[in-house]
Participant: 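Here it is, the structure in full.
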Amino acid sequence: MHATLIVIYTDRLDECADFYANLGLPLQSEQHGNGPEHHAAELGSMVFELYQATERRPATGSLRVGFRLPEHVGALELPPGRHRLTDPDGRTVDLEIVAEASMDEPRTS
């Protein structure tokens, strides 16, 4: 079993989209039929989406997400290792920055 979808509803859609794009997530603007515009990134077999919060779909509360990404991806230029950041809504984002050749190795705990 593995996760296939993470959806975050936010009151700060543009700021969150910029934050996650700067991490290196390949976010694209999307709209399905008459549904709301949102941002989505395909990450292997998982999709990560950001939607504007509404009265019907309030902002996602506490959530911690983690990403493993190669060096030199995104605008942050973080050195290899583990890093803990906070997105514009205050959610914790754990990053594991690895050398490109290490991307396929099993994750360390």
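Heavy-atom basis, side chains included; hydrogens, waters and symmetry copies ignored. Please read all numbers here as calculations on a predicted model, not as lab measurements.
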Participant: Could you name each residue pair satisfying salt bridge (charged side-chain N to carboxylate O under 4.0 Å, His left out) that touches residues 20-49, not counting sequence neighbours?
Facilitator: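 Residue pairs passing salt bridge (charged side-chain N to carboxylate O under 4.0 Å, His left out), neighbours aside: none found.
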Participant: Which word best sums up how the rings of Phe48 and Tyr20 line up, parallel for under 30°, tilted for 30 to 60°, or perpendicular for over 60°?
Facilitator: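 Taking Tyr20 first and then Phe48, their aromatic rings sit tilted (interplane angle of 30° to 60°).
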Participant: Compare every heavy atom of Gln52 with every heavy atom of Thr10, then report the nearest pair and how far apart it is.
Facilitator: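 Smallest interatomic distance, heavy atoms only, reads O-NE2, 3.3 Å.
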Participant: Would you indicate whether the side-chain heavy atoms of Cys16 and Arg91 approach each other to under 4.5 Å?
Facilitator: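 The answer is yes; the side chains approach within 4.5 Å.
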Participant: Sequence neighbours left out, what passes side-chain hydrogen bond (donor to acceptor under 3.5 Å, both in side chains) with Arg12? Give chain and number order.
Facilitator: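 side-chain hydrogen bond (donor to acceptor under 3.5 Å, both in side chains) list for Arg12, sorted by chain: Asp89.
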Participant: Which hydrophobic side chains are connected to Tyr51, either touching it within the sub-4.5 Å cutoff or through other members that do?
Facilitator: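 Leu5, Val7, Tyr9, Val47, listed by chain and number.
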Participant: Just grab all the ring pair (Phe, Tyr, Trp, His ring centres under 6.0 Å) pairs involving residues 71-98, residues at least two apart or on different chains.
Facilitator: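 Found none.
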Participant: Which heavy atom in Pro36 sits nearest to a heavy atom in His38, and how many Å separate them?
Facilitator: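 Result for this residue pair: O-ND1, 3.1 Å.
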Participant: Taking side-chain contact (heavy atoms from CB on, under 4.5 Å) as the test, write out the residues that go with Leu76, two or more places apart.
Facilitator: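 If we apply the side-chain contact (heavy atoms from CB on, under 4.5 Å) test to Leu76, skipping adjacent residues, the hits are Leu23, Leu78, Leu85.
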Participant: Minimum heavy-atom separation for Ala41 and Leu25, please, with both atom names.
Facilitator: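 In terms of heavy atoms, the two residues are closest at CB-CB, 4.3 Å.
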Participant: Are the side chains of His2 and Ser45 in touch, meaning some heavy atoms are under 4.5 Å apart?
Facilitator: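 Touching, per the 4.5 Å side-chain cut-off.
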Participant: Please report the shortest heavy-atom distance between Leu43 and Pro26, naming the atom on each side.
Facilitator: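 Looks like CD2-CD, 3.8 Å.
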Participant: Measuring only between side-chain heavy atoms, which start at C-beta, is Leu69 closer than 4.5 Å to Ile97?
Facilitator: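 Yes. Closest side-chain heavy atoms under 4.5 Å.
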Participant: Do Phe19 and Leu50 come within less than 4.5 Å of each other through their side chains, counting heavy atoms only?
Facilitator: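 When only atoms from C-beta onward are counted, Leu50 and Phe19 do not touch, as no gap falls below 4.5 Å.
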Participant: Please report the closest heavy-atom contact between Val73 and Gly24, naming both atoms and the distance.
Facilitator: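 Closest pair (atom of Val73, atom of Gly24, distance): CG1-CA, 3.6 Å.
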Participant: What residues, two or more places apart in sequence or in another chain, satisfy side-chain hydrogen bond (donor to acceptor under 3.5 Å, both in side chains) together with Thr4?
Facilitator: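 Applying side-chain hydrogen bond (donor to acceptor under 3.5 Å, both in side chains) to Thr4 gives none.
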Participant: Less than 4.5 Å apart, side chain to side chain, heavy atoms only: is that true for Thr92 and Ser62?
Facilitator: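 No, side chains not in contact.
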